[in-house]
Amino acid sequence: MNLKTSSAGIKVNMNDMEKRGYRVKAQTTNAEINLLIPEMTYRNMSKQMSSNFVEADSDGYDEYANKVNIVAETTSGNIEIVK
């Protein structure tokens with residue numbers, strides 16, 4: 001799932017997606033990133049000046065039969081991904 005916007009936020013709600021592994025790559029400028037997915041391992045996090053970047057995987061990601069990959073990019077808008 002590739003999501004990209006400018007001057008607006010991105011919100012993804014995956015409450016109905018059980019038994020899946022998640023891989024998230026999110027980047028925003030002039031805003032915040034909130035990942036509210038349980039049991040995630042953060043591989044890369046960066047907060048420099050006005051830019052935020054996060055890469056994270058579900059614990060045991062490679063072992064899940066069903067995987068969800070999310071790439072989210074925005075400028076001047078928050079990114080929120082919840083489960």
Side-chain angles (χ1 to χ4, degrees):
M1 176 182 322
N2 292 312
L3 308 166
K4 188 172 184 175
T5 187
S6 180
S7 299
I10 295 172
K11 183 171 184 177
V12 179
N13 184 335
M14 298 175 293
N15 285 335
D16 60 343
M17 299 182 83
E18 295 297 323
K19 297 183 182 177
R20 287 176 169 78
Y22 296 93
R23 174 167 284 159
V24 176
K25 181 178 178 182
Q27 182 171 343
T28 187
T29 305
N30 299 321
E32 298 294 322
I33 299 171
N34 296 312
L35 292 184
L36 303 171
I37 302 172
E39 300 175 3
M40 294 289 283
T41 299
Y42 290 82
R43 295 182 289 121
N44 192 356
M45 284 179 34
S46 174
K47 189 170 188 172
Q48 298 178 0
M49 306 273 285
S50 61
S51 181
N52 289 309
F53 178 78
V54 172
E55 285 183 308
D57 295 336
S58 294
D59 294 343
Y61 174 82
D62 292 328
E63 295 155 17
Y64 281 91
N66 297 308
K67 298 178 174 100
V68 177
N69 296 310
I70 300 169
V71 178
E73 298 178 50
T74 187
T75 303
S76 299
N78 292 331
I79 297 173
E80 184 173 294
I81 302 172
V82 299
K83 178 174 181 294

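By convention here, the first residue in the shown sequence is residue 1. What you are looking at is a predicted structure, and each value in this text was computed from that prediction instead of being measured.
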TODO: Could you point out which residue of L35, N13, I37 forms a side chain to side chain contact (heavy atoms under 4.5 Å, CB included) with K83?
DONE: I37

How far does [atom1] of [X] sit from [atom2] of [Y], to the nearest 0.5 angstrom?
X: Y22; Y: D59; atom1: OH; atom2: CG; result: 13.5 Å
X: E73; Y: Q27; atom1: CD; atom2: CD; result: 6.0 Å
X: R20; Y: N69; atom1: CZ; atom2: CG; result: 12.5 Å
X: N30; Y: M49; atom1: CG; atom2: CE; result: 10.5 Å

- [ ] Taking all non-hydrogen atoms of both residues into account, name the closest pair between S76 and A31 and its distance.
- [x] C-CB, 4.4 Å

Task: Closest contact, heavy atoms only, A26 versus I79 - done: CB-CD1, 4.1 Å

Report yes if the side chains of [X] and [Y] come closer than 4.5 Å at any heavy-atom pair, otherwise no.
X: R23; Y: D62; answer: yes
X: V24; Y: V54; answer: no
X: M14; Y: I81; answer: yes
X: M40; Y: S58; answer: yes

Please check if [X] and [Y] belong to a single hydrophobic cluster, counting links between Ile, Leu, Val, Met, Phe, Trp and Tyr side chain heavy atoms closer than 4.5 Å.
X: I10; Y: V71; result: no
X: M1; Y: I33; result: yes
X: V68; Y: Y64; result: no

Task: Set of residues satisfying side chain to side chain contact (heavy atoms under 4.5 Å, CB included) with respect to K47, sequence neighbours excluded - done: E32, N52

Open item on the list: If we ignore hydrogens and angles and just use 3.5 Å, is the side chain of T74 paired with the main-chain N or O of T28 as donor and acceptor?
Closed with: no

Open item on the list: A quick test of your reading: do over 12 heavy atoms of other residues, nucleotides or ligands sit less than 6.0 Å from NZ of K11?
Closed with: no

